Amino acid sequence: HRACAQRISHWMRDCGFDEVEIDAVGNVVGRYKAATDDAKTLLTGSHYDTVRNGGKYDGRLGIFVPMACVRELHRQGRRLPFHIEVVGFAEEEGQRYKATFLGSGALIGDFKQEWLEQKDADGITLREAMQHAGLCIDDIPKLQRDPARYLGFIEVHIEQGPVLNELDIPLGIVTSINGSARYICEMIGMASHAGTTPMDRRRDAACGVAELALYIEKRAARDGTSVATMGQLNVPSGSVNVVPGRCQFSLDLRAPTNEQRDAMVADILAEIEAIAQRRGLRYSTELAMKAAAAPSAPEWQQRWEAAVDALGVPLYRMPSGAGHDAMKLHEIMPQAMLFVRGLNAGISHNPLESSTADDMQLSVDAFSHVLNQLAQEQQ
């Protein structure tokens with residue numbers, strides 16, 4: 001992780017950035033200065049951390065695309081009427097610790113001190129890991145950005161899904177990053193003998209959850225753009241000849257707007273209640289995480305659209321089902337994202353994740369077009 005940060009910082013210097021640093025939370029920050037010091041700043045970037053056995057484009061693409069644009073500006077000796085700040089965020093995936101978006105969260109003043117006491121699987125606290133990496137934890141609060149000094153945040157990212165690949169379109173305009181809600185749940189019935197308990201006398205917790213699993217699939221599909229997943233399913237101490245008395249399960253519910261998400265959540269929670277009543281079961285639900293949807297700022301989405309249209313690429317607008325650093329920056333400044341088509345049915349979080357040089361070049365060209373649009377607007 002630290003070697004990767006050093007490599008990115010060296011490449012930023014090679015590209016011609018005026019200032020490059022690794023900050024107190026581990027972000028790699030490169031700044032290409034404007035013609036005047038008092039100009040505002042365009043913020044961009046993505047994350048350089050990864051899931052285990054993941055792909056090499058997730059995150060890194062959004063760092064290297066603006067770096068390529070800055071390299072060309074430097075080659076031309078050209079300064080824009082705004083500063084460009086490119087951030088390689090140190091952490092977005094939430095793999096080692098339960099805290100996520102540490103890098104982008106620090107920039108908006110959302111780094112919680114209690115996170116530092118979390119322990120990984122080996123008992124190492126986040127504080128110890130960061131100190132071992134040579135980071136000055138006490139300086140993290142100083143990283144908070146003043147939104148009044150920024151124009152906004154834009155991010156390029158590989159799609160991580162099959163849509164653009166199936167449509168044979170190289171770029172996608174992100175309309176919103178889905179809002180999400182996660183629940184940890186349990187259905188409780190009565191464990192009993194599988195041979196001697198008649199079917200009409202059973203209080204089978206697993207069958208109640210199975211019924212719910214089929215319901216959430218139908219309920220999400222009804223919206224068209226919502227998704228619902230029961231990713232964990234467990235019968236504790238289950239036996240082949242025992243009617244399940246308990247069943248633990250998770251829910252991951254996402255939609256492009258908070259209202260759409262909340263309506264789906266309400267329907268699913270009501271269905272849990274109805275299933276429990278009908279089957280003579282009890283249940284518990286615990287909200288583990290709730291994230292607001294992050295709709296793209298209209299003026300920034302339109303800039304991406306103008307750039308894509310100028311390249312002669314079909315305009316395709318789509319929500320993002322995955323979370324991104326942009327959803328954190330969204331809390332303090334306008335943001336909009338551009339997706340790049342992935343190969344192999346758009347697979348991500350997998351070594352098969354891939355893209356083409358042509359598609360990536362189109363994203364660089366689109367980014368340059370946005371920079372030129374902004375330059376003309378600022379004159």
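Everything numeric here is computed off the predicted structure, so don't read it as measured data.
Not a single ring pair (Phe, Tyr, Trp, His ring centres under 6.0 Å) links Y97 to another residue, sequence neighbours left out.
Considering only heavy atoms from C-beta on, M327 stays 4.5 Å or farther from H324 through its side chain. Counting heavy atoms from C-beta outward, H47 and F101 have side chains that stay 4.5 Å or more apart. Here the side chains of Q260 and T225 are in contact, with some heavy-atom distance below 4.5 Å. By the 4.5 Å heavy-atom criterion applied to side chains, H157 and D58 are counted as neighbours. In this structure the side chain of R201 never reaches within 4.5 angstrom of the side chain of V243, judged on heavy atoms.
In this structure, a donor-acceptor pair under 3.5 Å is absent between the side chains of H83 and D37. A donor and an acceptor atom, one from each side chain of D252 and T229, are nowhere located under 3.5 Å apart. For the residue pair S284 / E186, no side-chain donor-acceptor distance below 3.5 Å is found, with atom types taken as modelled. No side-chain donor-acceptor contact under 3.5 Å links T356 and D358. Looking at Q361 and D365, their side chains do bring a donor and an acceptor atom within 3.5 Å of each other. At a cut-off of 3.5 Å, with distance as the only test, no side-chain donor of Q95 or D49 sits close to an acceptor on the other residue. A donor-acceptor contact closer than 3.5 angstrom links the side chains of E273 and Q277. D23 and N27 share a side-chain donor-acceptor pair at under 3.5 Å. Checked by atom type, the side-chain pair H349/N53 shows no donor-acceptor distance below 3.5 Å. Under 3.5 Å, the side chains of E353 and S348 contain a donor-acceptor pair of N or O atoms.
Counting heavy-atom neighbours within 6.0 Å of R52 CZ, excluding the residue itself, gives a total of 12 or less. Atom CG of N241 has more than 12 heavy atoms from other residues, nucleotides or ligands within 6.0 Å. The environment of CZ in R13 is crowded: more than 12 heavy-atom neighbours from other residues, nucleotides or ligands sit within 6.0 Å. E217 CD: 12 or fewer foreign heavy atoms inside a 6.0 Å radius.
Taking the six-membered ring where the residue is Trp, the centroids of H1 and Y48 are separated by under 6.0 Å.
Using a 4.0 Å cut-off between charged nitrogen and carboxylate oxygen, E85 and R145 count as a salt-bridge pair.
Judged by the 6.0 Å and 45° rule, R7 forms a cation-pi pair with W11. A cation-pi arrangement is present between R79 and Y32 under the rule of less than 6.0 angstrom and at most 45 degrees off the ring axis.
Using modelled atom types, no side-chain atom of R317 and backbone atom of T175 make a donor-acceptor pair closer than 3.5 Å. Using modelled atom types, one side-chain atom of R60 and one backbone atom of G55 make a donor-acceptor pair closer than 3.5 Å. Although no hydrogens or angles enter the test, the distance criterion places no donor-acceptor pair under 3.5 Å between the side chain of T44 and the main chain of V86. With hydrogens and angles ignored, the 3.5 Å screen pairs a side-chain donor or acceptor of N165 with a backbone N or O of G342. Formation of a donor-acceptor pair under 3.5 Å by the S176 side chain with backbone atoms of N178 is not found in this model.
Grouped by direct or indirect side-chain proximity (heavy atoms under 4.5 Å, Ile/Leu/Val/Met/Phe/Trp/Tyr only), Y150 sits with V29, L43, V87, F89, L107, I108, F153, L329, I332, M333.
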Starting from the C-alpha separation in whole Å, work towards a yes-or-no answer on side-chain contact (heavy atoms from CB on, under 4.5 Å) for S180 and M289.
CA-CA 8 Å; S180 61; M289 188 275 284; 3.4 Å; yes
